[in-house]
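This report concerns only the one structure given below.
Just the heavy atoms: all of them, side chains too, but no hydrogens, waters or symmetry mates, feed the values below. Proteins get letters first, then strands, A, B, ... in listed order; numbering begins at 1 in each.
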Number of protein chains: 2
Amino acid sequence: MATPDPLDLRILVLLQEDGRRTVADIAGRVALSPTAVKRRIERLEAAGVITGYSARVDYTKLGWGIAAFTELRFTGTTSPGDMDRVAAGIPEVCAVYTTAGNHDVTALIRARSVEHLRDVIHRLRVSGSIVGTRTHVILDAHVKDDWHPELDG
Amino acid sequence: MATPDPLDLRILVLLQEDGRRTVADIAGRVALSPTAVKRRIERLEAAGVITGYSARVDYTKLGWGIAAFTELRFTGTTSPGDMDRVAAGIPEVCAVYTTAGNHDVTALIRARSVEHLRDVIHRLRVSGSIVGTRTHVILDAHVKDDWHPELDG
DNA sequence: TCTGAAAGTCGCCGTTC
DNA sequence: GAACGGCGACTTTCAGA
């Protein structure tokens, strides 16, 4: 899309903070009519800047108290697509990041317990193409849900 | 909260897929009355299972094309709280994960360019308490936005 | 389950660049 | 004239009884 103007960015931040905000509410905060706000939101959605809306879920409240980053190293002949498929094929894997550096993929894993996590890592290791793993259990996470670049940077 | 039943989980998944779904729409999909669905959602929110709603934003479309995991090692006397503060104090840091393994922190950083990323890492390194960094640029990311444990696990 | 109130949606028109 | 903002009528959704 044509570079979003400051008004678009303010609308974006408001929708990141609360994705269920009403158009009228946003209109009041940015001093625009609801119609104009609606049209801007539709433009942002059409341009792919807004890819969707989600409920934020606290998995610890559901008994999934363990989260970890597991770095995966694959055999030299494994294609990037296969790396993704192997990692994403495990249900407990929530996200797969292909990275540059000395390993190939970082997977965000959620599990019910450390035993469960160990089991997940084992399942990854026996999948065939993985030759090594390194796991960092997440003790504490601070995610800026409403992070937005233009705010300060 | 009391362990959520399968209906709660289905509602959760629907709201993760699309946080703006109407109560009536969800009611139709889970074969419940809108009132009952509303009550369940309110219970999930009150219990902290649903922590909020967000627009999903594609930062690459906004000119922030670089994302990276940077692992930070701090001096032995740095408290976990200070680690969080130092990392989160940089605007380009989107998330801070305290991890076990090396009493480390992993930061998710977004930047406009590799030069910008280098600048961000430099700002982290001169902050005083950081003695080492290791950065993995993210080449490709697959996040399961609607990931939900009970679906298969 | 139903009803009043509120929000969203759409077409049309004025203004600006 | 193309793009954007505003106004008003119609439709859907929400909240309380």
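When the nucleotides D:dC14, D:dG5, C:dG8 are ranked by their closest atom to the side chain of A:Arg20, D:dC14 comes out on top. In this structure, the nucleotide among C:dG8, D:dC14, D:dC4 sitting nearest to the side chain of A:Arg43 is D:dC4.
Between B:Arg134 and A:Glu71, at least one side-chain nitrogen of the basic residue sits less than 4.0 Å from a carboxylate oxygen of the acidic one, meeting the salt-bridge criterion. The pair B:Asp18-B:Arg21 does not count as a salt bridge, with every side-chain nitrogen at least 4.0 angstrom from each carboxylate oxygen. Using a cutoff of 4.0 Å between basic side-chain nitrogens and carboxylate oxygens, B:Arg40 and B:Asp5 are scored as salt-bridged. With salt bridges taken as basic N to acidic carboxylate O contacts below 4.0 Å, none links B:Arg20 and B:Asp25.
Distance A:Ile11 CD1 to D:dC4 P: 12 Å, rounded to the nearest Å. Atom CZ in B:Arg21 sits about 23 Å away from atom P in C:dA7, given to the nearest Å. Taking atom CG of residue A:Asp5 and atom C1' of nucleotide C:dT16, one finds them 15 Å apart after rounding to whole Å. Between the CD atom of A:Glu42 and the C1' atom of C:dG8 there is a distance of 10 Å, rounded to whole Å. Between B:Ile41 atom CD1 and D:dC14 atom C1' there is a gap of 12 Å when expressed in whole angstrom units.
Of the side-chain N and O atoms in A:Lys38, none sit less than 4.0 angstrom from OP1 or OP2 of C:dG8. Between A:Arg39 and the phosphate of C:dT9, there is no side-chain N or O to OP1/OP2 separation shorter than 4.0 Å.
Among the atoms of the strands shown, base atoms are found under 4.0 Å from some heavy atom of A:Thr35.
Nearest-nucleotide assignment on DNA chain C puts the 5′-proximal partner with B:Pro34, out of A:Thr22 and B:Pro34.
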